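Computed from a prediction, not measured in an experiment: that's the story for all the values here. In what follows, every heavy atom counts, from backbone to side chain, and hydrogens, waters and symmetry copies are set aside.
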Amino acid sequence: SMPPDLSIEKELWAKGLTAVAGLDEAGRGPLAGPVVAAAVVFPAHMEAVEGIDDSKKLSPEQRKKLSVLIRERSLFAIAEVTAEQIDEVNILQASLLAMRLAAEKLSQKPEFLLIDGNKKVPMDTPQRAIVKGDGKVLSIAAASILAKVHRDALMEEFARQYPAYGFEGHKGYPTISHREAIKRHGPCPIHRKTFRGVKEFLP
C-alpha cells in the first residue's frame, strides 16, 4: 500500500488554509495508563518528509528517529488523559477529549483539523474525520508517531513506579503476562478500573 501523503493537506492549503492540523491518539486498547493524543501542523506547501508512515508499521527505533524529525519540522502539541478520567467518561470520549486538548495546546490556532477515525472532535474548528487516516494523511501519520513515542516513554516511567506489571514491555496492552500480573497483584493506581480484565480484580 502507498505511504501517507500530503494530498489532503495540499487541497486545504490551495484554499488558503495554512494551519491544518493532523490529530491522532495512542492507547485506546490498553488496560493501564493514559490515552495520549498529538496534533501536528506542517508548514503550508511543504514537500514530503521521508519515512513517515502509520506508527503501527514502524519499529520503535524508526518511530523515535521520526519523532525527532517531526518535532523539528512542524508545530506540534501533545495531551494526555489519565486512566482516572478514562474511567469517568469512557475510552471513546477520553480519546476525543485528548485530541481536542492537543489541538487547543497548539501555539497557533488550527484552521482545520484532520482526525484519524470516524468521529469528530468536540470543538468548533472545521474538521474532517478520516477512517484509517494514519495510513493516508501525512500530518495524521506524524501525529500517530508523536503520540505513540510519548505514550511509550510514559509507560516506561510507570514501569519504574509499578515494577510488578512489566509495563516497559507491553505498555499496558492486554498481553497474557499483563493479565497474569493483574490476577496475581491486583490492579495498581494507573489501571483503568472500568475495563474488563481489570474490574474483576478490584478489591
Side-chain angles (χ1 to χ4, degrees), residues 1-15 17-42 48-49 52-58 63 66-67 70 74-83 85-106 109-152 171-174 192 194-198:
S1 67
M2 296 293 288
D5 63 31
L6 286 162
S7 53
I8 293 182
E9 290 91 337
K10 283 175 176 168
E11 279 171 39
L12 294 163
W13 294 338
K15 292 178 181 164
L17 297 166
T18 53
V20 175
L23 290 173
D24 201 0
E25 45 72 26
R28 218 181 257 209
L31 304 178
V35 62
V36 171
V40 172
V41 178
F42 283 125
V49 179
I52 293 179
D53 207 335
D54 168 3
S55 69
K56 292 183 281 299
K57 294 182 184 160
L58 302 167
R63 284 197 296 257
L66 285 167
S67 167
I70 292 160
S74 71
L75 191 68
F76 70 91
I78 294 169
E80 301 161 22
V81 171
T82 65
Q85 291 170 288
I86 292 167
D87 288 333
E88 273 169 44
V89 297
N90 81 42
I91 186 61
L92 173 62
Q93 294 311 314
S95 345
L96 295 173
L97 172 63
M99 289 195 275
R100 187 185 109 193
L101 293 171
E104 287 173 346
K105 272 171 85 171
L106 287 165
K109 196 174 160 57
E111 297 168 289
F112 201 95
L113 309 177
L114 298 170
I115 295 142
D116 183 57
N118 61 359
K119 298 259 188 309
K120 290 186 174 180
V121 172
M123 59 195 297
D124 292 336
T125 314
Q127 51 185 285
R128 188 168 151 198
I130 298 161
V131 175
K132 297 197 167 57
D134 49 8
K136 298 173 189 167
V137 180
L138 200 74
S139 54
I140 295 178
S144 82
I145 292 168
L146 293 193
K148 177 77 175 134
V149 169
H150 183 86
R151 189 177 185 284
D152 284 356
K171 310 294 191 282
Y173 281 87
R192 300 174 181 180
T194 53
F195 275 48
R196 201 165 63 220
V198 178

For Ser55 and Arg63 the tightest heavy-atom approach is O-NH1, 2.9 Å
Q: Taking the side chain as every heavy atom from C-beta outward, state whether Lys148 and Leu58 have any pair of such atoms under 4.5 Å apart.
A: no
To the nearest 0.5 Å, atom CD of Glu104 lies from atom CG of Leu97 at 8.5 Å
With a 3.5 Å cut-off and sequence neighbours excluded, list the donor-acceptor pairs that the side chains of residues 20-36 form with protein atoms.
from	atom 1	to	atom 2	distance (Å)
Glu25	OE2	Arg28	NE	3.1
Glu25	OE2	Arg28	NH2	3.3
Arg28	NE	Ser95	OG	3.4

When rounded to the nearest 0.5 Å, the distance separating CD1 of Ile115 from NZ of Lys120 is 7.5 Å
Rounded to the nearest 0.5 angstrom, the CD-CZ distance for Gln93 and Arg100 is 11.0 Å
Distance col, row Leu6:CG vs Ile52:CD1, nearest 0.5 angstrom, shows 8.5 Å
Smallest heavy-atom separation, Leu106 atom then Pro110 atom, equals CD1-CG, 3.9 Å
Residues Ala38 and Ala102: closest non-hydrogen pair is C-CB, 4.0 Å
Taking C-beta and beyond as the side chain, do Asn90 and Thr194 meet within less than 4.5 Å on heavy atoms? no
For Phe42 and Trp13, the nearest pair of non-hydrogen atoms, with its separation, is O-CZ2, 4.1 Å
Review point. Do Leu101 and Val81 have side chains that get closer than 4.5 Å, going by heavy atoms?
Key: yes
Closest non-hydrogen contact found for Ile91 with Arg192 is CD1-NH1, 3.7 Å
Give every donor-acceptor pair under 3.5 Å between a side-chain atom in residues 121-141 and any protein atom, sequence neighbours left out.
from	atom 1	to	atom 2	distance (Å)
Gln127	OE1	Val121	N	2.6
Gln127	NE2	Val121	O	3.0
Gln127	NE2	Met123	O	3.2
Gln127	NE2	Thr125	O	3.2
Asp134	OD2	Lys56	NZ	3.0
Lys136	NZ	Val131	O	2.8
Ser139	OG	Glu9	OE2	2.7

Nearest heavy-atom contact between Phe112 and Leu12 is CD2-CD1, 3.6 Å
Here the gap from Ile78 atom CD1 to Ser67 atom OG, rounded to the nearest 0.5 Å, amounts to 7.0 Å
With sequence neighbours left out, the residues meeting side chain to side chain contact (heavy atoms under 4.5 Å, CB included) with Thr82 are Glu84, Gln85
